[in-house]
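Step one of this worksheet: look at the structure below.
Just so we're on the same page: letters track the sequence lines, and every chain starts at 1.
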Protein chains: 2
Amino acid sequence: MAPVKKSGRITIRTVAEDAGVSVAAVSKVLRDAYGVSEALRTKVRASMSRLGYRPHAAARGMRGQTYTLGFLIPDMRNPFFSDIFAGVNVALERTQYQTLLGVSESATSIEMALIEAMIDRQMDGLIVIGPRMMSQDVMQVAARLPTVLIGHHATPGANFDTVNNDDRLGAELVVQHLAAAGYSHIAYLNQQVTDAEQTMVTTHREIGYRQAMKDAGLGKHIQVFQALQTSRETQGVVRHMLQSRNRPDAIFCWTDFIALEVLSVARELGLSVPGDLAVVGYDNTAYCDLAQNALTSIDQSGQVLGLQAARLLVERIKGRDQAEHFVVTPRLVARASSSPRRP
Amino acid sequence: MAPVKKSGRITIRTVAEDAGVSVAAVSKVLRDAYGVSEALRTKVRASMSRLGYRPHAAARGMRGQTYTLGFLIPDMRNPFFSDIFAGVNVALERTQYQTLLGVSESATSIEMALIEAMIDRQMDGLIVIGPRMMSQDVMQVAARLPTVLIGHHATPGANFDTVNNDDRLGAELVVQHLAAAGYSHIAYLNQQVTDAEQTMVTTHREIGYRQAMKDAGLGKHIQVFQALQTSRETQGVVRHMLQSRNRPDAIFCWTDFIALEVLSVARELGLSVPGDLAVVGYDNTAYCDLAQNALTSIDQSGQVLGLQAARLLVERIKGRDQAEHFVVTPRLVARASSSPRRP
DNA sequence: CAAAACTTGTAGAACGATATACGTAGAACG
DNA sequence: CGTTCTACGTATATCGTTCTACAAGTTTTG
């Protein structure tokens, strides 16, 4: 008598016995591999669903794919990432892939640790939003597994794909909009980073901002501030900025999240928006639409970004090794926070 | 000549050779297992760091632990979950465990699929926030792997741990606070669920609300509404509610997130807060502090909840099988949205 | 001082998939 | 009709750990 399975687990072997075929055949069906007839395929499929078989991801990870994708975000508080994530899920809905999230808290060290953890867990690919790592580290990661970056402007020769909106254009749209509405002392409130890189979206936005200011003849009013790590510190910077002698009459914030803080400080200081101060954000998140914010913002369609990123990643896992870079055109959504001035 | 390792990967075998000990010994060091001398331990540790060895999680998953915990949240938009997550990370900082997130979008089907995926991937344990599954499904999951629930009031005989705040008390605090401030027509805006269970936090809050209303002699003013799935639909409900003949003079929302929508609708309708309408939320998230919201809320210290959940989960993985239930006392944080009425 | 108990280490069988190498038909070809 | 293809299946080594069973050495016990 053959040695009977002791464990209760339903493995590929159980399925093979049930269907009366070899283990290898079942594996082929599982992977949609070449060399199985339609008859055998349906027979095996039937056995699998009858037994309620579920492939063991760890075992798969030993040899082949895990069908798990890593998704890394800097922050859980920024609702923009939620939009992107929704797009990713739409793209993967009908596939075998599952996505698991990591949150880096905008810290390079945590980001690297999470990526290591995901590589250890044999994820098939990685989507990283706004990476904080040095470019060379990104290249190293991409050499180890298929990688798509969102919100990172790659330099030529990159071995990964990117998905972006045109950040320079977005910033230009903001400045043009504000200038047309009668504002001139337009400041840019940037993200705090220890060492800015050319690849960062915020760098591009700053470049776009500076260029558009010059083009509008407002070059002498260029002012760039940095938001700090915590909410409290950022409010301090903004308060200082709004109480200074040459207070700006408009603030362009690198992301909506920060713009909400600006709105708060302005109100605390008794400044009316947009009467005394116009505020514009970036990402057009759900909070912009709330009447108490009514925040003008740049829409870069997070859903589309996520969807494209997932598509590119799956392509790359399937073998493509030519880098692709997807870019969407940003669009300004005007709301009350930047209404035209009444002179 | 012995067969040389072909692959470049640094495995437990490489370490064993380098340190001049057996594979089993290295494994013991790795797992802090019994039966290794201090000398051997340090020797192996040295080899590991010299070679830059990293354990292969998939291989671990075949036999032992994966040192990966699953963390399931209903929603990425609600910043309260971010606080909880931060607490979890603090608790796990100095351990080997890594946390990976899943987002169920408040849908039972996605929630179940994610849990299956996490079980397939051999996660060592699960933390689920505000589960939407039926109680019996929860029990089945908990039977398969160590489980801690946050925001779920277990019935006696549960085989999982829970971490909660006292939701009934929280709701009572709100009603007492509003009543003392001179409001009487206090409505409760609840979460939409297909079938409410006794285990849900929102059910407890509703019970607390009803009880406190009666205790305050306001029983005849009890009104419960349901927020719907999307932001737009919820705003519709609120608008209808605020334009009805017997409009409430205060609204208690089951979570801050919804309260912000109420503030928005009130403003659109030209109602002043708190002059015409007081608004109170739950969770005391970061958005409450923004001046444009100034939202009174119940603080249930998300950080503490997350920290305790992680602690309980690790204990359970280590073998405890007696259920434990941790409860924190909620605290009301008063802000301008519920200032006392001037008669 | 022999027997028992403990300590420290090793060998090697799992775990559940994947994928290579190969076997066996039947079809197509000259 | 023998040879070469093609299509379909199978047997089995392999991945990197964990962990049981056991061996050898050391200390304690009676």
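The phosphate of dC15(C) has neither OP1 nor OP2 within less than 4.0 Å of any side-chain N or O from R9(A). For the pair Y34(B) and dT20(D), the criterion of a side-chain N or O lying under 4.0 Å from OP1 or OP2 is not met.
Evaluation of the ring pair (Phe, Tyr, Trp, His ring centres under 6.0 Å) rule for Y67(B) yields Y97(B) as partners, not counting sequence neighbours. Legend: residues meeting ring pair (Phe, Tyr, Trp, His ring centres under 6.0 Å) with F80(B), ordered by chain and number and at least two apart, are absent. Here N159(B) pairs with nothing under the side-chain hydrogen bond (donor to acceptor under 3.5 Å, both in side chains) rule; sequence neighbours left out. With sequence neighbours left out, the ring pair (Phe, Tyr, Trp, His ring centres under 6.0 Å) criterion links F81(B) to no other residue. With sequence neighbours excluded, the residues satisfying side-chain hydrogen bond (donor to acceptor under 3.5 Å, both in side chains) with N78(A) are T255(A). Partners of R41(B) according to the side-chain hydrogen bond (donor to acceptor under 3.5 Å, both in side chains) rule, which considers only residues two or more places apart in sequence or in another chain, do not exist here. H153(B) meets the ring pair (Phe, Tyr, Trp, His ring centres under 6.0 Å) test with H204(B); sequence neighbours excluded.
Atom CZ in R60(B) sits about 19 Å away from atom P in dG16(C), given to the nearest Å. The interatomic distance linking M48(A) (CE) with dA17(C) (P) rounds to 11 Å, in whole Å. Atom-to-atom, CG of D120(A) to C1' of dC15(D) comes out at 15 Å; the value is rounded to the nearest Å. The separation between H56(B) atom NE2 and dG16(C) atom C1' is 14 Å, rounded to whole Å. The distance from atom CZ of R13(A) to atom C1' of dA17(C) is 9 Å, rounded to the nearest whole Å. In this structure, I12(A) atom CD1 and dT10(D) atom P are separated by 12 Å, rounded to whole Å. At whole-Å resolution of the value, CD in Q122(A) and P in dG16(C) are 18 Å apart.
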Please list every donor-acceptor pair under 3.5 Å in which a side-chain atom of residues 51-60 of chain A meets a protein atom from a residue at least two apart or in another chain.
| unit_1 | atom_1 | unit_2 | atom_2 | d |
| --- | --- | --- | --- | --- |
| R54(A) | NE | D120(B) | OD1 | 3.0 |
| R54(A) | NE | D120(B) | OD2 | 3.1 |
| R54(A) | NH2 | D120(B) | OD2 | 2.7 |
| H56(A) | ND1 | A58(A) | N | 3.3 |
| H56(A) | ND1 | A59(A) | N | 3.2 |
| H56(A) | NE2 | Q122(B) | OE1 | 3.3 |

Table please: side-chain donor-acceptor pairs of residues 140-152 of chain B below 3.5 Å, with sequence neighbours left out.
| unit_1 | atom_1 | unit_2 | atom_2 | d |
| --- | --- | --- | --- | --- |
| R144(B) | NH2 | E116(B) | OE1 | 3.3 |
| R144(B) | NH2 | E116(B) | OE2 | 3.0 |
| T147(B) | OG1 | L145(B) | O | 2.7 |

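Judged by distance alone with a 3.5 Å cut-off, a donor-acceptor contact links the side chain of R63(B) to the base of dA14(C).
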For nucleotides 26-28 of chain C, print each protein N/O atom paired with a nucleotide N/O atom at under 3.5 Å, atom names and distance only.
none

Kindly give the atom pairs (protein nitrogen or oxygen, nucleotide nitrogen or oxygen) under 3.5 Å for nucleotides 9-11 of chain C.
| unit_1 | atom_1 | unit_2 | atom_2 | d |
| --- | --- | --- | --- | --- |
| dG9(C) | OP1 | S37(B) | OG | 3.2 |
| dG9(C) | OP2 | S37(B) | N | 2.7 |
| dG9(C) | OP2 | S37(B) | OG | 3.0 |
| dG9(C) | N7 | K28(B) | NZ | 3.2 |
| dT10(C) | OP1 | S22(B) | N | 3.3 |
| dT10(C) | OP2 | S22(B) | N | 3.0 |
| dT10(C) | OP2 | S22(B) | OG | 2.6 |

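Under the 3.5 Å distance criterion, the side-chain polar atoms of R31(B) are matched with a main-chain donor or acceptor of S27(B). Remark: the backbone N or O of A117(B) is not paired with any side-chain donor or acceptor of Q98(A) at under 3.5 angstrom.
Remark on DNA chain D: of its neighbouring residues R31(B) and A59(B), the 5'-side contact belongs to A59(B), judged by nearest-heavy-atom nucleotide. Nearest-nucleotide mapping onto DNA chain C: of M62(B) and L30(A), the residue sitting toward the 5' end is M62(B).
Applying side-chain contact (heavy atoms from CB on, under 4.5 Å) to F326(B) and the options L307(B), N164(B), V163(B) leaves one that passes, V163(B).
For DNA chain C, runs of at least 3 consecutive pairs of the Watson-Crick or G-U wobble type, with both hydrogen-bonding distances under 3.5 angstrom, map to C:1-30 with D:1-30.
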